[in-house]
Amino acid sequence: QKEVEQNSGPLSVPEGAIASLNCTYSDRGSQSFFWYRQYSGKSPELIMSIYSNGDKEDGRFTAQLNKASQYVSLLIRDSQPSDSATYLCAAINYQLIWGAGTKLIIKP
Amino acid sequence: EAGVTQSPTHLIKTRGQQATLRCSPISGHTSVYWYQQALGLGLQFLLWYDEGEERNRGNFPPRFSGRQFPNYSSELNVNALELEDSALYLCASNLQGRNQPQHFGDGTRLSIL
């Protein structure tokens with residue numbers, strides 16, 4: 001069965017520090033990978049897409065992909081209290097498979 | 001560009017009733033996905049429609065059903081409502097066949113009394 005696994009957390013990070021969120025996937029045929037942010041009671045919002053090995057940076061966010069290790073990560077630099085949310089990792093090979101999410105808490 | 005729109009925002013029903021939720025995808029998107037998210041829990045995949053056809057179905061009973069119209073909008077129907085059906089129902093759309101991300105609507109919060 002195809003799976004995407006994330007530590008459920010909560011992950012607590014001081015304001016201004018780097019938050020590191022990790023995800024592993026079981027389907028070696030996965031083509032694309034996504035990180036979504038979901039605030040409590042709201043819908044998921046796409047924040048990063050990554051399609052090839054290496055790093056992809058967008059503002060304070062960096063996504064990292066290692067297909068050999070079947071590992072995806074999201075780094076959030078200069079963490080802000082507004083970054084407190086649940087972060088969902090997803091991998092797609094024809095159909096999108098979702099992780100259960102990691103709850104991130106940024107402490108002022 | 002308008003995003004995914006869902007209606008109604010909130011829906012209150014009683015046990016045994018039927019609920020209909022609606023979704024309009026982003027213009028040009030042919031695939032529509034439905035998810036259930038109970039309070040404090042993760043996304044549970046319900047249904048996937050593409051080009052008017054049901055492509056896949058999650059582990060939900062047959063009283064959860066839906067359809068996709070020629071304009072790619074979609075309906076989710078839930079019959080014989082039970083208390084545990086209370087949840088946020090999310091619709092997402094994407095361009096199918098190109099490993100594209102899904103984009104979500106704001107959801108419909110269904111409460112069963």
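We name chains A, B, ... by the order of the sequence lines, and we start the count at 1 in each one.
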Quick check on [X]: does its [atom1] atom have over 12 non-hydrogen neighbours (other residues, nucleotides or ligands) under 6.0 Å away?
| X | atom1 | value |
| --- | --- | --- |
| B:Leu39 | CG | no |
| A:Lys56 | NZ | yes |
| B:Asp106 | CG | no |
| B:Asn59 | CG | no |
| B:Arg63 | CZ | yes |
| A:Lys42 | NZ | no |

[atom1] of [X] to [atom2] of [Y]: how many Å apart, nearest 0.5 Å?
| X | Y | atom1 | atom2 | answer |
| --- | --- | --- | --- | --- |
| A:Leu96 | B:Tyr35 | CG | OH | 5.0 Å |
| B:Asn99 | A:Tyr51 | CG | OH | 8.5 Å |
| A:Tyr36 | B:Gln102 | OH | CD | 5.5 Å |
| A:Thr86 | B:Leu43 | OG1 | CG | 10.0 Å |
| B:Leu90 | A:Gln38 | CG | CD | 7.0 Å |
| A:Gln95 | B:Asn56 | CD | CG | 4.5 Å |

Do A:Glu45 and B:Phe104 come within less than 4.5 Å of each other through their side chains, counting heavy atoms only?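 They are not in side-chain contact.
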Do B:His103 and A:Leu46 make a side-chain contact, defined as non-hydrogen atoms from C-beta onward lying under 4.5 Å apart?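 Yes, at least one pair of side-chain atoms sits under 4.5 Å.
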Are B:Leu46 and B:Val32 connected, step by step, through hydrophobic side chains (Ile, Leu, Val, Met, Phe, Trp, Tyr) whose heavy atoms are closer than 4.5 Å?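 As far as the 4.5 Å side-chain criterion goes, B:Val32 and B:Leu46 are connected within one cluster.
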Is there a chain of hydrophobic side chains (I, L, V, M, F, W, Y, each step under 4.5 Å between heavy atoms) that links A:Ile97 to B:Trp34?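 Hydrophobic grouping puts A:Ile97 apart from B:Trp34.
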With a 4.5 angstrom heavy-atom cut-off, is it the side chain or the backbone of B:Phe45 that approaches chain A, or both, or neither?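 Interface part for B:Phe45: side chain.
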Which atoms of B:Gln37 are under 4.5 Å from chain A, going by heavy atoms: the side chain, the backbone, both sets, or neither?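 For B:Gln37, the side chain is the part near chain A, not the backbone.
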Give a yes or no answer on whether the side chain of A:Ser43 reaches the backbone of B:Gly105 with a donor-acceptor pair at less than 3.5 Å.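 Side chain of A:Ser43 to backbone of B:Gly105, a donor-acceptor pair under 3.5 Å: yes, one is there.
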Tell me, out of A:Gly101, A:Gly41, A:Pro44, A:Ser30, who's got the most heavy-atom pairs with chain B below 4.5 Å.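 Going by pairs under 4.5 Å, I would pick A:Pro44.
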